[in-house]
> 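Encoded as structure tokens, here's the structure I'll be asking about.
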Amino acid sequence: MKAEQDGDLLEEDSPEENGVQTNQYSSISPPASPDGQDEPFSTYFEEKVAIPSDVSQVFSFRKLWAFTGPGFLMSIAYLDPGNIESDLQSGAKAGFKLLWVLLGATIIGLLLQRLAARLGVVTGMHLAEVCNRQYPTVPRVILWLMVELAIIGSDMQEVIGCAIAFNLLSVGRIPLWAGVLITITDTFVFLFLDKYGLRKLEAFFGFLITIMALSFGYEYVLVKPDQGELLKGMFLPYCAGCGPVQLEQAVGIVGAVIMPHNIYLHSALVKSRDIDRKNKKDVKEANKYFFIESTIALFISFLINVFVVAVFAQAFYNKTNIEVNALCNMTGSPHTNLFPLNNGTLEVDIYKGGVVLGCFFGPAALYIWAIGILAAGQSSTMTGTYSGQFVMEGFLNLRWSRFARVLLTRSIAITPTLLVAIFQDVHHLTGMNDFLNVLQSMQLPFALIPILTFTSLTSIMNDFANGLVWKISGGIVILVVCAINMYFVVVYVTALNSVLLYVLAALLSIAYLCFVGYLAWHCLVALGVSCLDFGSRKGNDTTVLIERQPEFDY
């Protein structure tokens, strides 16, 4: 079965061509193969990793090793400073009781990442490029802006996390703004590591993940959490004695784990492997190995997150400010003023988390914690920069030089991050983190709805389109995730106690819901709800493209 040639735009007198019912989605048509695709961008793809072809077994570790890389870069978004802060707050506020939420969110994340990887493997395009081809100009620009907002919010958390780590490691000598500048500078340096080879860059990310595992694993061994309570919290989906605080924390876990820009990132990263998309067997094999690799990567990220939750659940659950204040005084900590003399429940963030670890378990615990946060922040800000480049390249079809694209991507987040670093005290950043989590939660539909839409279309995915089970389960998962995160947004907004902000939020919500409804309409048509497919009923007024399939040799 061969692909039709490009440039077959036809003015049809009928929405039916050669017996094939066509609609507005027929205009989504990826290039037939990488060989026929013009790839003007050098980011991450100056070389492609070759896949061994002399292996005939059902499963091969050699092939798995060749496919290993993109999933681990993707998994870093599950380990960024925002996730670490959500983990430690979960442990401090709910003990081990919400570990099952973390497990469920990670599994849902894996299923969504599977869709992203399949889109990139089958089409040879990433999600932003497909969105650019499918959506009209105005919705496409709005979608790009929304995704950029999510990337900026995530980037701010990551850069601020690095700055906090530098502050802790230097015992306060490096202020927040200086840490931001250091992080931005060294990110430029690290991003050009792929000049020395793609595999070396991926190995560097693996090194950073190893540092996180050792750092947070050290804290886990030091604190010695109750293993029985840990397993109970992980596999018993119940939260005895939990109230609104724990419910909000559970919602926050889902919002922190499933990040919109990561869907765009993963669909692009898989393009770094040399896959013959003309061969259906090779595409199927690539999907299998990428799923295995993603499963391993997210399992490791889940373990690291569990380390953090368990440490704070064991050591600081139900601790009061006055208890921590007294112990910090005894150890001579210079940060005693962070904990007021009252019986309020201890509230921690990344910065205070390091301080209390130092008070309870000695200075080594504080510095090792800071090293882990630095690795988390540094690795995630690098992958966030890649996300920004892929999104801008795909939506805007940028053909700039490599350096110009990196500079623009970093510059977008520099200004707001520096302003926060200059005018916000390092001791009081939790409020900003909550706001950024809300911002990213609101952007989730702009990644989840398009990925389900495009992976459900046979005009894009051919035999690899989602089946009925995946369409239904995917739709339910996306609906649940978006509903959970909208609840998080409502809780945050209602806590602001300002009529003006309520009115502003109401107006923004109307516009927001209208756009989400537009994307959902497209998605429902792709899922097979034909009664909503008004575009294919326009007859002579509809410009359609003959439906073309990806080029496979059957």
> Side chain to side chain contact (heavy atoms under 4.5 Å, CB included), that's the test. Do L265 and L73 meet it? Break it down for me.
CA-CA 9 Å; L265 174 68; L73 269 68; 5.5 Å; no
> Quick check: closest heavy atoms across M74 and Y78, and the distance to 0.1 Å?
SD-CE1, 3.7 Å
> For residues 290-300, which residue pairs pass the side-chain hydrogen bond (donor to acceptor under 3.5 Å, both in side chains) check, not counting sequence neighbours?
none
> Using ring pair (Phe, Tyr, Trp, His ring centres under 6.0 Å) as the criterion, list what pairs up with F96, not counting sequence neighbours.
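Residues passing ring pair (Phe, Tyr, Trp, His ring centres under 6.0 Å) with F96: none at all.
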> Grab the two heavy atoms, one from G394 and one from N132, that are nearest each other, plus how far apart they are.
O-CB, 3.1 Å
> With sequence neighbours excluded, tell me which residues meet side-chain contact (heavy atoms from CB on, under 4.5 Å) with D274.
K48
> As an exercise, state the distance from CZ of R140 to CZ of F395, rounded to the nearest 0.5 Å.
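One finds 9.0 Å between CZ of R140 and CZ of F395.
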> Would you confirm whether T381, through its side chain, and E158, through its main-chain N or O, come within 3.5 Å as a donor-acceptor pair?
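Side chain of T381 to backbone of E158: no pair is present.
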> A side-chain contact here means heavy atoms from C-beta on lying under 4.5 Å apart; do L444 and I258 qualify?
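Yes, their side chains come closer than 4.5 Å.
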> Using the ring centroid of each side chain, check whether Y135 and H522 are separated by less than 6.0 Å.
yes
> Donor-acceptor check, side chain of R273 to backbone of A66, threshold 3.5 angstrom: yes or no?
yes
> Counting N and O atoms only, with roles assigned by atom type, does the side chain of N167 sit under 3.5 Å from a partner on the main chain of I174, one being a donor and the other an acceptor?
yes
> Does any donor atom in the side chain of N262 or S387 lie under 3.5 Å from an acceptor atom in the other side chain?
no
> Just wondering, do M382 and F204 contact through their side chains at under 4.5 Å, heavy atoms?
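Yes, at least one pair of side-chain atoms sits under 4.5 Å.
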> Can you name the residues that form a side-chain hydrogen bond (donor to acceptor under 3.5 Å, both in side chains) with N287, not counting sequence neighbours?
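Here no residue qualifies.
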> Given L366 and L357, is the side chain to side chain contact (heavy atoms under 4.5 Å, CB included) satisfied, shown in steps?
CA-CA 6 Å; L366 185 153; L357 283 171; 5.5 Å; no
> Can you find a heavy atom in the side chain of L452 that is under 4.5 Å from one in the side chain of L527?
yes
> Are any of the side-chain heavy atoms of S380 and P81 separated by less than 4.5 Å?
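Result yes, sub-4.5 Å side-chain heavy-atom pair found.
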> Consider only side-chain N and O atoms of D349 and Q89, and report whether a donor and an acceptor are under 3.5 Å apart.
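There is no such pair between these side chains.
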> Applying side chain to side chain contact (heavy atoms under 4.5 Å, CB included), run through L119 and I460 and close with a yes or a no.
CA-CA 8 Å; L119 180 71; I460 289 183; 4.2 Å; yes
> Check whether any side-chain heavy atom of T106 lies under 4.5 Å from a side-chain heavy atom of L110, and answer yes or no.
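No, too far: nothing below the 4.5 Å cut-off.
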> Scan residues 464-478 for pairs that pass side-chain hydrogen bond (donor to acceptor under 3.5 Å, both in side chains), counting only residues two or more places apart or in two chains.
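The answer is T455-N466, S456-N466.
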> I'd like to check I253 versus L98 (side-chain heavy atoms, cut-off strictly below 4.5 Å). Are they in contact?
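They are in side-chain contact.
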> Run through V49, I292, I51 and flag the one making a side chain to side chain contact (heavy atoms under 4.5 Å, CB included) with F67.
I51
> Between N462 and F464 (side chain of the first, backbone of the second, donor and acceptor by atom type, cut-off under 3.5 Å), is there such a pair?
no
> I'd like to check the side-chain contact (heavy atoms from CB on, under 4.5 Å) partners of L103; sequence neighbours left out, ordered by chain and number.
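L103 satisfies side-chain contact (heavy atoms from CB on, under 4.5 Å) with I107, M234, F235, F302 only.
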> What are the two closest heavy atoms between P450 and Y264, and how far apart are they?
CG-OH, 4.5 Å
> Only counting residues at least two apart or in another chain, list the ones meeting side-chain contact (heavy atoms from CB on, under 4.5 Å) with L181.
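In terms of side-chain contact (heavy atoms from CB on, under 4.5 Å), with neighbours along the sequence ignored, L181 is linked to W177, L418.
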> Taking side-chain hydrogen bond (donor to acceptor under 3.5 Å, both in side chains) as the definition, give me every residue that meets it alongside N305, ordered by chain and number, with sequence neighbours left out.
none
> Answer yes or no: is there a side-chain heavy-atom contact under 4.5 Å between M259 and Q443?
no
> Can you name the one residue among I300, D87, V308, I304 that meets side chain to side chain contact (heavy atoms under 4.5 Å, CB included) with L79?
I304
> Kindly write out the residues that satisfy side-chain hydrogen bond (donor to acceptor under 3.5 Å, both in side chains) with Q440, not counting sequence neighbours, or none if the list is empty.
Q157
> Among all residues two or more places apart in sequence or in another chain, which pass the side-chain hydrogen bond (donor to acceptor under 3.5 Å, both in side chains) test with S90?
none
> Find out whether F390 and E129 are in side-chain contact, i.e. whether some heavy atom of one side chain is under 4.5 Å from a heavy atom of the other.
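Counting from C-beta outward, F390 and E129 never come under 4.5 Å.
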> Side chains of residues 205-220: which donor-acceptor pairs under 3.5 Å do they make with residues two or more places apart or in other chains?
from : atom 1 : to   : atom 2 : distance (Å)
T210 : OG1    : G206 : O      : 2.8
S215 : OG     : I211 : O      : 2.8
E219 : OE2    : W369 : N      : 3.2
Y220 : OH     : Q227 : OE1    : 3.0
Y220 : OH     : Q227 : NE2    : 2.9

> For A163 and T183, which heavy atoms make the closest approach, and how far apart are they?
N-OG1, 4.2 Å
> For a quick test of reading the model, state the closest non-hydrogen atom pair linking A310 to P225 and the distance between them.
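The pair with the smallest heavy-atom distance is CB-CG, 3.8 Å.
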> Please assess I84 against D80 for the test side chain to side chain contact (heavy atoms under 4.5 Å, CB included), listing each intermediate value before the final yes or no.
CA-CA 6 Å; I84 301 301; D80 72 349; over 6 Å; no
> Okay, side chain of Q113, backbone of S267: is any donor-acceptor separation there less than 3.5 Å?
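Checking the backbone N and O of S267 against the side chain of Q113, no donor-acceptor pair under 3.5 Å is found.
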> Under the rule for side-chain contact (heavy atoms from CB on, under 4.5 Å), what residues qualify as partners of W100, not counting sequence neighbours?
P237
> Using a distance-only test with no angle check, is there a side-chain donor-acceptor pair under 3.5 angstrom linking T385 and Q389?
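There is no such pair (donor and acceptor under 3.5 Å, judged by atom type) between the side chains of T385 and Q389.
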> Could you tell me whether K280 and D463 have a side-chain N and a carboxylate O separated by less than 4.0 Å?
yes
> Locate the shortest heavy-atom distance separating C162 from G377; write the atom from each residue and the value.
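What the structure gives for the nearest pair is SG-C, 3.1 Å.
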> Below 4.0 angstrom, N of the basic side chain to O of the carboxylate: do E229 and K224 qualify?
no
> Would you compute the distance between atom CG of N279 and atom NZ of K281 and round it to the nearest 0.5 angstrom?
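Reported to 0.5 Å precision, the distance equals 7.0 Å.
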> Charged N to carboxylate O below 4.0 Å: is that the case for E202 and R199?
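Looking at R199 together with E202, the answer is yes, because their closest N to O distance falls below 4.0 Å.
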